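A quick write-up on the structure given underneath.
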Amino acid sequence: MSDDATAGRAGYEHFPEYGSAIYIMRMSDPWTLEGEHRLLTAPTLSWEKQGGMAINEGPVILQRNRLICLVYSASTTWSEDYALGMLTMSEAADPMEPLSWEKSMSPVFCKSVENGIYATGHNSFTRSPDDREDWIVYHALPAAGADVSLRATRIQKFGWNPDGTPDCGIPCSDTLQRYSCYSRPFG
């Protein structure tokens, strides 16, 4: 990937259902957009259309292992099926070219009925203070059908797949088992 700056955004249109998709634009400097936006992903898969609207939103970039991963939220935030999808491309590819990106056909992070965690979305990534661990930060609901006012911010460690993409695992439970899942970050 070149040193050119880009910006991602979500925008509403018909794909063919009305909803939100993710676009990219070049930037001439840190505060100025330049040229036309390009569509990177629209909600075309059934798991991206839960809760009454077709949604791709909240793009977050994770760069590692010579890959650029754009992780996004899909479906509606009030749906128990709000989940994370991912676009992946090689660092050497052009991010402005939609064909550079490969879309995950299933969620890369989603609800866990077994653990009682639903509507996992709107994430970001961070590192432990000693830079040895990778962590995902997201919000979720404590029960199926719970009011969105009950969303809570959550954090848990994640790993890496052999192909270099993030392995976000499954959402950790809120039960007493959580202490093995929610170990304190190193450093």
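All figures in this text were calculated on a predicted structure; none of them were measured in a lab. Index from 1, following the sequence.
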Could you check whether any side-chain heavy atom of [X] comes within less than 4.5 Å of a side-chain heavy atom of [Y], counting everything from C-beta outward?
| X | Y | answer |
| --- | --- | --- |
| Phe109 | Ile136 | yes |
| Pro166 | Asn161 | no |
| Tyr72 | Glu57 | no |
| Glu34 | Asp29 | no |
| Asn115 | Pro171 | no |
| Leu70 | Leu40 | yes |

> Please, which pairs that meet salt bridge (Lys or Arg N to Asp or Glu O under 4.0 Å) have at least one residue in residues 70-80, sequence neighbours excluded?
Replying inline: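 Applying salt bridge (Lys or Arg N to Asp or Glu O under 4.0 Å) to every pair that reaches into residues 70-80, excluding sequence neighbours, yields Glu80-Lys111.
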
> Is Asp94 salt-bridged to Arg38, cutoff N-O under 4.0 Å?
Replying inline: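 A salt bridge is absent here (no side-chain N lies under 4.0 Å from a carboxylate O).
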
> Should the pair Asp134-Arg127 be classified as a salt bridge under the 4.0 Å nitrogen-to-oxygen rule?
Replying inline: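 Judged by the 4.0 Å cut-off on N to carboxylate O distance, Asp134 and Arg127 do form a salt bridge.
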
> So, Phe125 versus Phe158, ring centres under 6.0 angstrom or not?
Replying inline: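 Aromatic pair counts; centres sit under 6.0 Å.
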
Return a table of donor-acceptor pairs under 3.5 angstrom between the side chains of residues 101-108 and protein atoms on other chains or two or more places apart.
from	atom 1	to	atom 2	distance (Å)
Trp101	NE1	Pro95	O	2.9
Lys103	NZ	Thr41	OG1	2.9
Lys103	NZ	Ala42	O	2.7
Lys103	NZ	Glu48	OE1	3.1
Lys103	NZ	Glu48	OE2	3.1
Ser104	OG	Met86	N	3.0
Ser104	OG	Met86	O	3.3
Ser104	OG	Ser106	O	3.3

> Hey, what do you get for CD1 (Ile22) to CG (Leu87), rounding to the nearest 0.5 Å?
Replying inline: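 Reported to 0.5 Å precision, the distance equals 6.5 Å.
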
> Looking at OG1 of Thr88 and CG of Asp163, how far apart are the two atoms once the value is rounded to the nearest 0.5 Å?
Replying inline: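 Answer rounded to 0.5 Å: 7.5 Å.
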
